[in-house]
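Scroll down for the structure; my scribbles are underneath it.
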Number of protein chains: 2
Amino acid sequence: MSRSDLPSHTCTIARAVAQVGDEWTLLIVREMFLGTRRFDDFLRLTGMSSHLLAQRLKKLEAEGVIRRAPYSERPPRHEYRLTEKGRDLWAVIIALKQWGDRWLGTDDTPVQITHKACGKVVRPHMTCPDCGERIEAHDAEAQLSHTFELERQAARRAP
Amino acid sequence: MSRSDLPSHTCTIARAVAQVGDEWTLLIVREMFLGTRRFDDFLRLTGMSSHLLAQRLKKLEAEGVIRRAPYSERPPRHEYRLTEKGRDLWAVIIALKQWGDRWLGTDDTPVQITHKACGKVVRPHMTCPDCGERIEAHDAEAQLSHTFELERQAARRAP
DNA sequence: ACAGTCACTTCTTTTTTTAAATTGACTAAC
DNA sequence: GTTAGTCAATTTAAAAAAAGAAGTGACTGT
């Protein structure tokens with residue numbers, strides 16, 4: 001990872017991206033939401049190399065996104081589970097899924113989401129917590145904090 | 001990109017990830033939502049190398065996520081803008097931002113979102129379109145389509 | 001005893017990424 | 001009218017990362 005060590009004052013999007021904005025990492029997290037817990041299953045279901053899988057799992061564990069849970073002592077065996085921080089990536093995965101379904105999908109959607117509370121198959125979307133309306137790009141405006149704005153202006157001037 | 005060429009029957013999340021699930025790509029898209037349009041600004045604001053930026057912009061253009069818009073003929077100059085497909089990545093970026101704010105943030109949030117319609121600063125979240133309630137990981141269940149399920153079982157068996 | 005499973009690690013080759021320099025078509029300053 | 005600067009790249013060489021194959025160690029099951 002080239003930018004995992006971003007300073008703490010940096011944009012939180014950049015830091016989120018440095019932790020989980022990577023092809024294989026996102027696939028691992030997706031697999032976890034689908035219930036995959038073991039090394040070999042990740043290997044086979046994602047098609048990634050064992051070298052890379054071991055490395056990514058270590059990184060995710062170090063970041064607190066997943067944790068290793070032993071399920072056998074002899075031989076030492078363990079499975080990988082999402083922590084709360086990891087489960088909180090759900091919105092990211094779902095957003096990617098909706099986008100993929102819309103722009104890259106065929107007729108059938110390979111994964112459908114059911115809202116347990118109402119029992120319906122749904123396509124969750126981003127909503128304004130205040131007025132309850134759906135929000136998309138054109139409904140929103142971004143404000144930069146003063147310090148962040150200054151940082152960006154400095155970056156733009158200094159090559 | 002190792003897996004940009006995923007077959008069309010593959011999971012849409014995997015294909016979304018193959019198109020935009022990359023550190024620099026996500027940072028470019030984030031910059032676009034913040035209004036950045038020009039090569040040099042992307043360079044300075046993200047800190048990436050010009051080689052990689054050119055490559056990523058080319059890929060994103062080929063995928064239809066961004067488009068080049070000429071703003072000067074002599075010298076030939078153009079800016080990069082999100083297409084509808086690109087703007088539709090808003091939910092992904094916002095989900096990453098919320099996650100970053102919650103798990104990697106300090107006290108001040110560098111970017112705040114205002115809902116134009118109600119004028120309030122908000123933290124958008126995923127909602128069930130049917131009952132309107134907020135959905136998170138534990139409120140949802142995933143169903144795999146029959147063909148997708150079979151595909152996964154085959155993958156699990158065949159190394 | 002021998003094959004098989006699981007969770008890796010090691011090794012070699014190939015591909016990407018970085019970093020720095022260069023290009024080309026201008027524009028604005030001296 | 002030479003020189004510096006901007007913008008959007010491309011080129012090249014060196015460093016880092018990933019892919020792919022094979023191996024390891026602690027078992028289990030036959």
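Throughout, protein chains are lettered first and strands after them, A, B, ... in sequence-line order, and every chain is numbered starting at 1. We use all heavy atoms of the structure for the numbers below, so side chains are in, but hydrogens, waters and symmetry mates are not. Being a predicted model, the structure only gives us computed values, none of them experimental.
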Please tell me if [X] has a side-chain N or O lying less than 4.0 Å from either OP1 or OP2 of [N].
X: Tyr80(A); N: dC6(C); value: no
X: Trp24(A); N: dA19(D); value: yes
X: Gln55(A); N: dA18(D); value: yes
X: Lys58(B); N: dA8(D); value: no
X: Lys59(A); N: dA17(D); value: no
X: Arg44(A); N: dT5(C); value: no
X: His78(B); N: dA9(D); value: yes
X: Arg38(B); N: dA9(D); value: no

(request) Please report, rounded to the nearest Å, how far the P atom of dT17(C) is from the CG atom of Leu57(B). (result)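 It is 14 Å, rounded to the nearest whole Å.
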(request) For Leu52(A) and dT14(C), give me the distance from atom CG to atom P, rounded to whole Å. (result) 19 Å
(request) Indicate yes or no: does Asp130(A) engage Lys120(B) in a salt bridge with an N to O separation below 4.0 Å. (result)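 Between Lys120(B) and Asp130(A) there is a salt bridge, with a charged N closer than 4.0 Å to a carboxylate O.
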(request) Mind checking side chain to side chain donor-acceptor pair (under 3.5 Å) for Arg77(B) and listing every partner two or more places apart, or none if nothing turns up? (result)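 So Arg77(B) forms no side chain to side chain donor-acceptor pair (under 3.5 Å) with any residue.
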(message) Using only atom types and a distance under 3.5 Å, with no angle test, would you say the side chain of Trp103(B) pairs donor to acceptor with the backbone of Ala16(A)?
(response) no
Return all side-chain donor-acceptor pairs below 3.5 angstrom for residues 29-36 of chain B, not counting sequence neighbours, or 'none' if the list is empty.
unit_1   : atom_1 : unit_2    : atom_2 : d
Glu31(B) : OE1    : Arg152(A) : NH1    : 3.3
Glu31(B) : OE1    : Arg152(A) : NH2    : 2.8
Glu31(B) : OE1    : Thr36(B)  : OG1    : 2.7
Glu31(B) : OE2    : Arg152(A) : NH1    : 2.8
Thr36(B) : OG1    : Glu31(B)  : O      : 3.4

